[in-house]
Each structure stands twice: as structure tokens, then as C-alpha cells.
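Some notes on the structure that comes next.
On a predicted model such as this, the values are computed, not experimentally measured, just so you know. Here is how names work: the chains are called A, B, and so on, in the same order as the sequence lines, proteins then strands, and each is numbered from 1.
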Amino acid sequence: MTHNVFALMRDRVVAALAAIVPDLPPEVAARVEVTPAKDPAHGDMATNAAMVAAKPARMKPNEIAAGLVAALAGEADIAEAAAAGPGFVNLRLTAAAWQSLLPGILRAGEAYGGSDVGGGVRVNVEYVSANPTGPLHIGHCRGAVVGDALANLMTKAGFAVTKEFYINDAGNQITALSWAIYWRYLQAVGTGLSEEEYSNEVPGGLQYRGEYLIPVAEALVAAHGAGLATAEKGIAAPEQWLEIVRETGMAMMLGSIREDLAVLGVHHDVFSSERALAARGATDVTIAQLQDKGLIYEGVLEPPKGKTPDDWEPREQTLFRATQFGDDVDRPLRKSDGSATYFANDIAYHADKIGRGADILIDVLGADHGGYVKRMTSAVKALGGQLDVLLCQIVHVLKDGQPLRMSKRAGTFITLRDLLDEVGPDAVRFTMLTRKSDAQMEFDINQAVAQTRENPVFYVQYAHARCRSVLRAADEMFGAANTSAESLAGVALESLDDAAELAVLQRLASWPRAVEAAALAREPHRIAFFLYDLASDFHMLWNRGREDAALRFLRAEHVAESRAKIALVAATAMVLRSGLAVMGVRPVEEMR
RNA sequence: GCACCCGUAGCUCAAUUGGAUAGAGCACCAGACUACGAAUCUGGGGGUUGGAGGUUCGAGUCCUUCCGGGUGCGCCA
């Protein structure tokens, strides 16, 4: 049983069309849409059926439209059907038809809006996947929110979703991190070395100079005393400390990342370790698989045109034939020392996700990984899978009208935790979802905390708080027995016939369609805009009550009308809650 | 140089995935508080959708090309 009134009407339109066009090809029927009207003057909904069928049927759009109008105009729930423009058929439903949807919405509760378009297809959404070398910063935040909301959204649309975090714990940077932690450790035990002297002893030099590593050093001191250094508090042989420092550092970095994510409200189902994957030989197995498919060869790549690296020299490498799957060049799988590249491990990881049963893989990546998309989608294609990548573009943070540059050197490094402390998780999440993810965005801190309409978070929260306020007052006025969800689902609704009331009702009715469309397009930001529109409709209705007493929600002497309006308010609050839940934003009972 | 993303009102962004007269908020102008919350609402001005071609019944959306901004470009992850 679907609550999607547009989908139901679409079926009827297709049936009517099939009666007019005898041999309607299925692919033409598939293109028929019933969409909410953009302009209220056009009615409630419109269909493009006549236009898409015109060519294959060798009829004029207007003829078909006239036939559809004739067929649909007589239906009991259709108040008006009219052909318009180049061949649209506009439909206006009766008020009763809209009203009749309300009980179903109330009975469905927060499940309303869910659908089965996903068909239980198993989707693995991988997001955040930060290197565990430091705290999460603003750059990670957008991906975290978008990935989490997308996963929620697809779950609501009927996909079987796994939320996954890939731990990049296998590369050189983890060794570099260990050396950086060890420097903090030596400082903690009172070394006589200077930072420069130490850095000269580190392979590749000292990186990660941040103070966030001090607690790790303290933990090492607590567990091992000065035993990881030489007796003179100098650098001991790496065999004596590197693995210990790495393990402790990884655990603590990952722990702090997970804490930050928890504050943001992000919780992954699965954490996968690159190191563990490689250790069990997954990379070699995957490379062998590709080898068997004839997709691997030893070859020499051309140097990139325009910008040749200084140390470039031709070198034979193990290459994956990415060009066969749409990439620009073939990609190396092994470094010159024979170890696997990040890409090779990542192919193995994606193969692992497929092996665990994922039908569709989705990676949510930062804009700086844009150049990586083609090779990864190529690799997954080679494995026989499907990978969709969502690129999240850069976020520029504004405070007091000034851009905060992301620069560790300048000391204006903004951690996710800083942002959460200042703005709060709800405003961060909502604001991050008010733009398409593939467009750059400005995050204005002042606006995100503002208690005004220009802040969509506030505007939507306020609408929900107003609903709750009405419902609390309703309880008091009429008693809980008259305002429970069950009793409201049976209430008479004919009195809900004002344009403002019907606008809210129609918006509520389009919620399932909005969820489906957003999920299929992988665009969670649409939920934010839907909620904003719903909030706007509700605020408008509220305000109409000022001018017209008959539109006030609660009137003690008009019990029946009041209960109908309470049902509308209860449904509005419920859809707002359910949309906020997709976004991972908590609804509030009152504004403070 | 090449690849990918973006370019829409003065500003920040939408646009039901190819649909009708391109919409909101901010800012600007003019209005509305005796309530279940005016932290809100109503009305108004503001556009050659970066430029130019093309595809078709129909283009902000698709194709080509140019301009501008961003990201990346063999053994980093």
C-alpha cells in the first residue's frame, strides 16, 4: 500500500492513455510523469503523458490531452481536468480527496514517506574515511553529514543500507604519525634533543607537529614509563617502540575521531581497516583476479603533459587497464619497492565490500579526490560491481563576514569539534545540507546560530515547536482522548477547505514522492528544502489565523472543526520530525 | 597542457532530473502585534540563467566551443 498520491494518479493516467493509444510501448509509458503543479493556477498536479505519447502514437499532443481530459474529468475525486500549454493535462483534486489522505498519514506515523523503491537492494555507503592521523576538521564535516543523511534517506526509500568507515591505517603516513607521537613522548620523558635534531633523525622529517598528540604521549608514559627511550632519553631503535607507538596512536586517534562523530550524531555500522585487509592478503588476491581477466600488464606511463614532476623518469610498473573502463590512463598498482599502492588496496577493499553482499557501492569523497573517481569506478566496473561517487566540494567558513582560512600554519585550523562547540550539531547538519553537495558552499557561522528566518534550521525547528505548542494547548482544551493520534485518524475533515490548509495537506501528500526522488538522485539536500517549504506553508497557515478567526486551530466552542485542524497540525509535526530524522537533526518541543 | 566540479536577482542558494511565465531568503521599499509564540507574516521593485552556436514540440538542465572560479594530475593517502 503506497501513500504516494502522485504515483497512484500516474497509474490511472497511464491506464487512460493506454485506452487512447492502443499499442502503447512500455518505454513510452515509463516516461509518463505526474508531478505537483509548479503554479497553483495550473491545478494540483500535471502530467506530460500527451506529449511523450504524441510521437509514437502519431497523434497531436492536444488530441491525446483532450482524450485524457475526457477520461479523467468524470472521476469522483477529480474536480477539474484541463489541457494546457503544449499538451499538459492539469488536474485539480477535490478537497475531499486531499482530506482523505490525512488519516493514512496519521496512522503511518513517522514511517509515512517511506517506500519500497529501493526494493531491498543492498547499498554500502562509505563516508568520512579520514586518515587517523589527527582530529577531524571542517573538510571532513560535509562528507560526514552528507553520507549519513544519504544513508538514512536510502534506508527510508527501501534500500538495505550499511554505513561504513574505511580506516586508512596502512600507509607511510601512519609511520610518520608514529614518529611524531614518539617526539611528544621523548619530550614528556625529558629528552635533551631539540625539535630540529629530532626531525633530522626521522625518515622523511618530522610531520604532524600538533599538540593533539600530547595526550597520546602521556598515555605511553603512563603505560611504559621511560622504557621506550634510551637511558639518556634519546631515540631508541624503532623495533623497540614503533609498533607499540603505532598501536596506541591509532587506537587513540580513531577513538577521538569516533567521539567527534558521535557528537555530530554520526554512527557507522562497520569500520574496515586497510591494514587488516592487506595483512590477510586481500590485495594480492584482487590483483590476481584482475590478472586472470587480462586487465593487468607491465608498462611505462607517459609523463603528464604541462606539469612534469621534477624527478620524473620512465619506469616500468604494474598497471591496471583503467582505460578499458573509461579512465584517461592506466593506473599503477605497485610502488617501485613492490608494495601495493593505495589504489591497489582500495580496489581490494571495494572487492571486499562487494564480497560482503553490497549490490551498489557509494563513496562519499572530498573534492580533492575528484581525480580519483574515474579510476575507482573503472576498477569496480572491472570487478563486475557498481560504484557511485558523491563528491563534496569545499566548504568556506565565514565568521563575522570574514573567511576563516583552513591553514595549519596560520593557526586558523578549524576542527570539527570547534565548529560543533560553537554552532551545535543540529545547525551544523542542517546547514551542511542546504546546498547540493557538488557545489561549493559558504558556511556562515553567524547565520547558522541566528534565531531568524534567514536561518533555515531555526525556521524549520520553529515550525515544529509551534505545532507542538498547539498540540499541548489542544490537550488542555479538549483532553487527550480527543487529540490522540488514533482518535484524530477518525475525525471528520470536511472543514479543512481553506487554500492555506489545503496547501499544507498537499505538501504533506508530496512527502513520499520527495523521499523517493531524493533517494534515487542521491541528493539528501532536497529533504532540507522540502522541510523548509513545509515549514513555510505551516507558518503561512498560522498567520492566516490572525486575520481570520475561523482558521485558528483551537476554538473551544467548535470542537469538530478544531479536531480536524489538530489532525492537520499533528500530521505536520510528524512529517517534520520524520524529515529531520533523515537529516539527523533533533526536533525541539519549544524554542528557547 | 589534460581531466573532473561549479557559474542562476546586489549577496547566499533552489529549480520536481528535458516541461508551462526561472523561484526562496538576505538586503531595499511599503504595510500588519487584543493570539494556540510577531523569533512571524503580507505586498512591491530586482534576470539576455557567464558568452556564442547546436539538438527538439520545449533547454538553467543535453552536445560543441570560448571565458571565469575551484580541485586534481606516475611509485601521497
Is there ring stacking between A:His369 and B:G72, where the centres must be under 5.5 angstrom apart and the planes under 30 degrees?
no

Can the ring centroids of A:Tyr459 and A:His539 be said to lie less than 6.0 angstrom from one another?
yes

Pair A:Phe553 + A:Phe538: ring centers closer than 6.0 Å
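Yes, the ring of A:Phe553 comes within the 6.0 Å limit of the ring of A:Phe538, centre to centre.
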
Quiz question: going by heavy-atom distance under 3.5 Å, is there a donor-acceptor pair between the base of B:A77 and the side chain of A:Asp346?
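Result: no qualifying N/O pair found.
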
Roughly how far apart, to the nearest Å, are B:U64 and B:G44 at atom C1'?
42 Å

Over all strands shown, is [X] touching base, sugar-phosphate only, or nothing at heavy-atom distances under 4.0 angstrom?
{"X": "A:Asp533", "value": "nothing"}
{"X": "A:Ala517", "value": "nothing"}
{"X": "A:Trp312", "value": "base"}

Distance test, side-chain N/O of [X] to OP1/OP2 of [N], below 4.0 Å:
{"X": "A:Lys38", "N": "B:A24", "answer": "no"}
{"X": "A:Lys436", "N": "B:C5", "answer": "no"}
{"X": "A:Tyr459", "N": "B:C41", "answer": "yes"}
{"X": "A:Arg466", "N": "B:A38", "answer": "yes"}
{"X": "A:Asn543", "N": "B:A32", "answer": "no"}
{"X": "A:His558", "N": "B:C36", "answer": "no"}

Symbol by symbol from the 5' end, with Watson-Crick or G-U pairs under 3.5 Å, [ ] crossing and | another strand, RNA chain B is (((((((..((((.....[...)))).(((((.......))))).....(((((..]....))))))))))))....

Provide, to the nearest angstrom, the distance between the CG atom belonging to A:Asp548 and the P atom belonging to B:C41.
18 Å

A:Leu390 atom CG is separated from B:C5 atom P, nearest whole Å, by 13 Å

A:Arg472 and A:Glu589 ion-paired at < 4.0 Å
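A salt bridge links A:Arg472 with A:Glu589.
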
RNA chain B: 5'-proximal contact among A:Pro332 and A:His42 (nearest heavy atom):
A:His42

Determine yes or no for a side-chain-to-main-chain donor-acceptor pair under 3.5 angstrom, with A:Thr283 supplying the side chain and A:Ala278 the backbone.
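Between the backbone of A:Ala278 and the side chain of A:Thr283 there is no qualifying donor-acceptor contact (under 3.5 Å).
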
Look at the side chain of A:Thr431 and the backbone N and O of A:Ala427, then say whether any donor-acceptor pair between them is shorter than 3.5 Å.
yes

Applying side chain to side chain contact (heavy atoms under 4.5 Å, CB included) between A:Leu541 and each of A:Val569, A:Thr572, A:Val504, report the one that passes.
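In the set A:Val569, A:Thr572, A:Val504, the residue that makes a side chain to side chain contact (heavy atoms under 4.5 Å, CB included) with A:Leu541 is A:Val504.
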
Among residues two or more places apart or on two chains, list those pairs meeting side chain to side chain donor-acceptor pair (under 3.5 Å) that have a residue in residues 57-69 of chain A.
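Every pair satisfying side chain to side chain donor-acceptor pair (under 3.5 Å) with a residue in residues 57-69 of chain A: there are none.
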
Of the candidate nucleotides [options], which contains the atom at the shortest distance from the side chain of [X]?
{"X": "A:Pro304", "options": "B:G74, B:A77, B:G25", "answer": "B:G74"}
{"X": "A:Arg513", "options": "B:U16, B:C13, B:C57", "answer": "B:U16"}
{"X": "A:Arg552", "options": "B:C36, B:C41, B:C5", "answer": "B:C36"}

Count the heavy atoms belonging to other residues, nucleotides or ligands that lie under 6.0 Å from CD of A:Glu316, then report whether that count exceeds 12.
yes

Give me the ring orientation class for A:His140 and A:His137: parallel if the planes are under 30° apart, tilted from 30 to 60°, perpendicular past 60°.
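Aromatic pair A:His140/A:His137 classed tilted.
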
Give a yes/no verdict on a cation-pi contact between A:Arg321 and A:Tyr297, requiring under 6.0 Å between NZ or CZ and the six-membered ring centre and an angle within 45° of the axis.
yes

Check RNA chain B against residues 445-452 of chain A and give the residues with a non-hydrogen atom under 4.0 Å, in numerical order.
A:Gln451, A:Thr452

